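Source: prediction; values computed, not measured. When a ligand or atom number is given, it counts from 1 through the structure's own listing order. All values below come from the heavy atoms of this structure, side chains included, with hydrogens, waters and symmetry mates left out.
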Amino acid sequence: MCIRPAGAHRGYGRGVLKVENLTKVFGQVRAVDDLTFDVRPGVVTGFLGPNGAGKSTTMRMMLGLDRPTAGTATIDGRPYRELDHPLRQVGALLDAAWIHPNRSARSHLRWMAASNGIPARRVAEVIDLVGLSSVAAKRAGGFSLGMKQRLGLAGALLGDPHTLLFDEPVNGLDPEGIVWIRGFMRHLAAEGRTVLVSSHLLTEMSLTADHLVVIGQGRLIADSSVTDFTSRATSSVRVRSPQLPDLHRVLAEAGLAVVPGATPDGRPTLSITDVSTEQVGDIAGRAGIVLHELTSTSASLEEVFMSMTAGAVQYQGGGPPAPGPVHPGQWGQGGRQ
Ligand SMILES: Nc1ncnc2c1ncn2[C@@H]1O[C@H](COP(=O)(O)OP(=O)(O)O)[C@@H](O)[C@H]1O
Ligand SMILES: [Mg+2]
């Protein structure tokens, strides 16, 4: 796959996506709450957070589709609406691309190109890039989700933009489609482009991204390399105690991320990430709390993610927020948001 020579987009001083104090309030909901981060060219940046965290809203503000309540989102130092050639600067794959069901893939792209001053020959190039050449003349209405994604991507690439935004691109794709789009995003970044891709799945992000911006309830939780983020997984400590609520409180007061859980036979436990057994034992000892177990375990990536975003899940359905931990079933579920 060759889109353009490696590094062709480097050195332009372009493609920096900057979010500063970005906030969006919908009625009672602070969907995005004072977010500040940069997205740099040349790497894939994963935008990670549970469903409802504010990822899509942030991306919509980056694209001028939602107006910020406060703060700014800029590309090359300017808000989207002020860009001279938006399609040549930013490409986006948001929700399943809108396509006229009776148009062919090729005529849909020709129409997009014509209305944006892009030469028609670029249409054949992008169709080839996304591997749709054999079906370019077919009705797009009959396309599978994977093919629609490819067509949406072809549209995003029409203007050869240096910045690309993908909102949950692997949702609903078959394994082959997931592997393909992952490779494609990595390739776009290797060419020196700025690539921001959102997901609610940490495992997916750890396979795709180099850098992570993690949010929960609209707020920034982490902005670090994937390696740093996942290395937190190596030091998880599990404790049991007849005074578990007291232990939970003193550990939380010590600034530690604590996630309640249970042993396979149902005894309640606490899991603490990014800490040693000595630290946990010392804290318990100082508080006069009896321990029945103090074990060093290796937390899964998903557990690390949960402990970091505990309390940062947007509970939906009208009831009061569920107390305590985030349960694994609340993650990695739900469709496209
Ligand atoms: N147009 C809207 N009107 C009201 N609330 C909205 C709107 N769009 C998003 N929200 C709310 O904002 C929060 C963040 O949503 P969203 O950005 O879609 O999160 P994510 O993409 O991370 O799943 C959610 O609570 C959602 O219900
Ligand atoms: Mg979303």
Side-chain angles (χ1 to χ4, degrees), residues 17 19-37 39 44-73 79-80 90-98 145 148-149 152-153 156 164-173 178 181-182 185 195-206 208-209 211-223 229 302 305-306 308-322 326-337:
L17 201 55
V19 167
E20 282 177 293
N21 307 113
L22 193 65
T23 301
K24 179 72 185 181
V25 178
F26 294 110
Q28 304 288 309
V29 178
R30 290 184 87 76
V32 176
D33 192 358
D34 200 24
L35 273 188
T36 298
F37 62 89
V39 186
V44 175
T45 299
F47 193 26
L48 180 66
N51 287 331
K55 304 178 297 294
S56 298
T57 305
T58 302
M59 288 175 134
R60 289 174 56 82
M61 289 193 282
M62 289 170 167
L63 293 165
L65 297 168
D66 267 343
R67 196 175 283 278
T69 306
T72 54
Y80 185 89
V90 194
L93 189 59
L94 298 188
D95 220 328
W98 179 85
L145 177 62
K148 283 182 185 159
Q149 290 279 64
L153 190 51
L164 286 144
L165 305 183
F166 298 85
D167 194 8
E168 305 256 10
V170 306
N171 269 7
L173 290 187
I178 292 174
I181 206 153
R182 236 183 240 155
M185 290 187 292
V195 179
L196 180 67
V197 51
S198 75
S199 177
H200 60 287
L201 299 169
L202 175 57
T203 314
E204 174 57 32
M205 288 287 84
S206 69
T208 309
H211 194 87
L212 282 180
V213 172
V214 186
I215 66 168
Q217 280 194 351
R219 285 189 293 273
L220 190 70
I221 288 172
D223 181 352
F229 192 81
E302 241 63 38
F305 183 32
M306 279 189 273
M308 293 192 74
T309 56
V313 174
Q314 181 77 53
Y315 290 90
Q316 284 161 351
V326 179
H327 298 287
Q330 290 171 283
W331 299 79
Q333 287 189 344
R336 176 182 299 282
Q337 291 279 307

Would you tabulate the side-chain donor-acceptor contacts of residues 19-28 under 3.5 Å, counting partners in other chains and residues two or more places apart, or write 'none'?
| unit_1 | atom_1 | unit_2 | atom_2 | d |
| --- | --- | --- | --- | --- |
| Asn21 | ND2 | Asp34 | OD1 | 3.0 |
| Thr23 | OG1 | Asn21 | O | 3.3 |
| Thr23 | OG1 | Asp34 | N | 3.0 |
| Lys24 | NZ | Arg67 | O | 2.7 |

Using the side chain to side chain contact (heavy atoms under 4.5 Å, CB included) rule, pick out the option among Thr45, Val213, Asp167, Ile215 that qualifies with Ser198. Asp167
Is the shortest side-chain heavy-atom distance between Leu63 and Leu65 below 4.5 Å? yes
Of the backbone and side-chain N, O or S atoms of Ser198, does one lie nearer to the Mg ion (ligand 2) than 2.8 Å? no
Using a 4.0 Å heavy-atom threshold (strictly under), name the region of Thr57 that reaches ligand 1: side chain, backbone, both or neither. both
Which of these passes side chain to side chain contact (heavy atoms under 4.5 Å, CB included) with Met205: Val44, Val197, Val214? Val197
When you look at Phe37 and Phe47, which way does the ring pair (Phe, Tyr, Trp, His ring centres under 6.0 Å) test go after all the steps? CA-CA 11 Å; Phe37 62 89; Phe47 193 26; 5.6 Å; yes
Considering distance alone, does some N or O of Phe26 sit under 3.5 Å from an N or O of ligand 1? no
Please find the pair of heavy atoms, one from Ala209 and one from Gly46, that lie closest to each other, and give the distance. CB-N, 3.5 Å
Report yes or no: does a heavy atom of Gly52 sit under 4.0 Å from some atom of ligand 1? yes
For Asn51, take its heavy atoms, then give the atoms of ligand 1 lying under 4.0 Å from any of them. 23 (O)
Interfacing atoms of ligand 1 (cut-off 4.0 Å, heavy-atom, Val29): 25 (O)
Interfacing atoms of ligand 1 (cut-off 4.0 Å, heavy-atom, Ser56): 17 (O), 18 (O), 20 (P), 21 (O)
